[in-house]
Undergrad: 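Sharing a structure below in structure tokens format, with a few things to ask.
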Amino acid sequence: MNWDILKAVLIIIGLDLILGGDNAIVIAMASRNLPKPLQNKAIILGTTFAILIRFILASIAIYLLTVPYVQLIGGIFLCYIAIQLLLDDKEDHNISASATMFGAVKTIVIADVVMGFDNILAISAASNQNFHLIIFGLLISVPIIIFGSKVILHYMNKYPIITYFGAALIAYTSAELILKEKVVQSFFTQIPMVHILFPLFVIVLVCLIGVSSKKQVH
């Protein structure tokens, strides 16, 4: 396994850990009114369908990332997601619980696809258009979403510095995506050590915005 693949694998796992937390909340809230025996079934079915849809959307995203300007736009959007991760201390998830397993599964799938778009885009960007890495990213997200996300959320709330590491990882991915945009590559090639300096600049910018927003709140 070469360094590029290992780096992509580590980034994908990190992105799943950081961006998968909200999905665990959705799953818990959507199935909370079901009888105990049906809750696990709803969680497994809902997560399975959600991951299948994620794979389809990620495959489409890989194709779209080859279209001019899409990598640039996607990189800017991921940068926005990184900033929002630092600005939104608490998200109000208005997810209605269902009394039927079908209703709970439907809620889980719809909410996961809507809320998981950032995860899909980030995994597609980090995979370097490698389908095997996308499959790995989606498979590894299943246990993370079901078992690990609540733990991550707990520690992110307890130790806010973890949120900054997550935002920095997303910012790095956004910078890498922008650097791959052929339309702007001619500009970036004129800058010495651009593949180190530009990601560092984006990471510092995102973290500074997060720090300044916290100071304004307090």
Side-chain angles (χ1 to χ4, degrees), residues 4-27 30 43-85 91 93 95 102 104-146 148-149 166-167 169-185 188 199 202 206:
D4 287 337
I5 293 177
L6 179 60
K7 182 179 77 170
V9 167
L10 293 175
I11 289 174
I12 286 170
I13 292 172
L15 291 170
D16 274 327
L17 286 170
I18 297 300
L19 296 175
D22 289 344
N23 303 80
I25 296 175
V26 168
I27 290 171
I43 289 170
I44 292 169
L45 277 175
T47 305
T48 301
F49 283 124
I51 294 300
L52 287 173
I53 294 172
R54 278 191 185 202
F55 175 74
I56 294 169
L57 292 177
S59 302
I60 295 170
I62 275 196
Y63 166 73
L64 289 177
L65 288 175
T66 64
V67 177
Y69 294 105
V70 170
Q71 292 195 87
L72 177 62
I73 295 168
I76 294 170
F77 180 66
L78 276 181
C79 189
Y80 169 77
I81 290 169
I83 293 170
Q84 286 300 116
L85 183 66
E91 270 193 58
H93 298 294
I95 305 296
F102 175 78
V105 169
K106 183 180 71 173
T107 301
I108 289 170
V109 171
I110 293 173
D112 183 87
V113 169
V114 172
M115 292 171 55
F117 180 74
D118 52 0
N119 193 280
I120 292 167
L121 178 60
I123 288 177
S124 300
S127 70
N128 295 315
Q129 300 179 12
N130 186 323
F131 272 101
H132 294 98
L133 285 178
I134 283 191
I135 293 171
F136 169 80
L138 294 175
L139 289 177
I140 201 71
S141 68
V142 175
I144 288 172
I145 288 172
I146 295 177
S149 296
L169 182 61
I170 299 170
Y172 174 81
T173 306
S174 77
E176 287 278 290
L177 197 56
I178 292 170
L179 286 172
K180 291 173 187 172
E181 177 58 66
K182 291 182 179 180
V183 177
V184 295
Q185 274 183 352
F188 282 119
V202 176
V206 166

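Everything numeric here is computed off the predicted structure, so don't read it as measured data. Note that these values count all heavy atoms, side chains included, but never hydrogens, waters or copies made by symmetry.
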Undergrad: Calculate, to the nearest 0.5 Å, the distance between atoms CD1 and CZ belonging to I60 and F55 respectively.
TA: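 Taking CD1 in I60 and CZ in F55, the distance rounds to 10.5 Å.
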
Undergrad: Rounded to the nearest 0.5 Å, what separates atom OG in S124 from atom CG in L177?
TA: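 These two atoms lie 9.5 Å from each other.
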
Undergrad: Would you compute the distance between atom CD1 of I83 and atom OH of Y80 and round it to the nearest 0.5 angstrom?
TA: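 The OH atom of Y80 is 9.0 Å from CD1 of I83, to the nearest 0.5 Å.
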
Undergrad: Give me the atom names and distance for the closest heavy-atom approach of A8 to A126.
TA: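 Nearest pair, atom of A8 first, then A126: CB-O, 3.3 Å.
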
Undergrad: Looking at CG of L15 and CD1 of I123, how far apart are the two atoms once the value is rounded to the nearest 0.5 Å?
TA: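 Answer rounded to 0.5 Å: 7.0 Å.
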
Undergrad: Which value, rounded to the nearest 0.5 Å, describes the distance between L133 atom CG and I140 atom CD1?
TA: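 Interatomic distance, L133 CG to I140 CD1, rounded to 0.5 Å: 12.5 Å.
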
Undergrad: In Å and rounded to the nearest 0.5 Å, what is the OG1 to CD1 distance from T173 to I12?
TA: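 So the gap between those two atoms works out to 9.0 Å.
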
Undergrad: Tell me, do K182 and P68 make a side-chain contact under 4.5 Å, heavy atoms counted?
TA: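 The answer is no; the side chains never approach within 4.5 Å.
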
Undergrad: Where is the tightest heavy-atom contact between L78 and A122, given as atom of each residue plus distance?
TA: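 Minimum heavy-atom contact is CD2-CB, 4.0 Å.
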
Undergrad: Kindly write out the residues that satisfy side chain to side chain contact (heavy atoms under 4.5 Å, CB included) with L10, not counting sequence neighbours, or none if the list is empty.
TA: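 Applying side chain to side chain contact (heavy atoms under 4.5 Å, CB included) to L10 gives L6.
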
Undergrad: Write down the atom of P199, the atom of A175, and the distance for their closest heavy-atom approach.
TA: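 In terms of heavy atoms, the two residues are closest at CA-CB, 3.5 Å.
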
Undergrad: Which side-chain N or O atoms in residues 69-77 pair as donor and acceptor under 3.5 Å with protein atoms at least two apart or in another chain?
TA:
residue, atom, partner, partner atom, Å
Q71, NE2, L65, O, 3.3
Q71, NE2, K180, O, 3.4

Undergrad: Under 6.0 Å from the CZ atom of F136, do we count more than 12 heavy atoms belonging to anything else shown?
TA: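 Yes, CZ of F136 has more than 12 neighbouring heavy atoms, counting only those of other groups under 6.0 Å.
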
Undergrad: Which heavy-atom pair separates V105 from G46 by the least distance, and what is that distance?
TA: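 What the structure gives for the nearest pair is CG1-CA, 3.9 Å.
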
Undergrad: With side-chain contact (heavy atoms from CB on, under 4.5 Å) as the test, pick out the partner of S127 among I11, V9, I134.
TA: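 That would be I134; it is the only one of I11, V9, I134 passing the side-chain contact (heavy atoms from CB on, under 4.5 Å) with S127.
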
Undergrad: My understanding is that only residues two or more places apart in sequence, or in another chain, count here; which of them pass side chain to side chain donor-acceptor pair (under 3.5 Å) with K7?
TA: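 Testing K7 for side chain to side chain donor-acceptor pair (under 3.5 Å), a comparison that skips the adjacent residues, returns Y172.
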
Undergrad: Taking side chain to side chain donor-acceptor pair (under 3.5 Å) as the cut-off, I'd like each qualifying pair that reaches into residues 130-139, sequence neighbours left out, listed once.
TA: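 Output for this query is empty, none listed.
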
Undergrad: If I compare all heavy atoms of A167 with all of V206, which pair ends up nearest, and what's the gap?
TA: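 So the two residues come closest at CB-CG1, 4.2 Å.
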
Undergrad: Report the residues that fulfil side chain to side chain contact (heavy atoms under 4.5 Å, CB included) with F188, sequence neighbours left out, ordered by chain and then residue number.
TA: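 Side chain to side chain contact (heavy atoms under 4.5 Å, CB included) list for F188, sorted by chain: I178, L179, V184, I191, V194, F198.
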
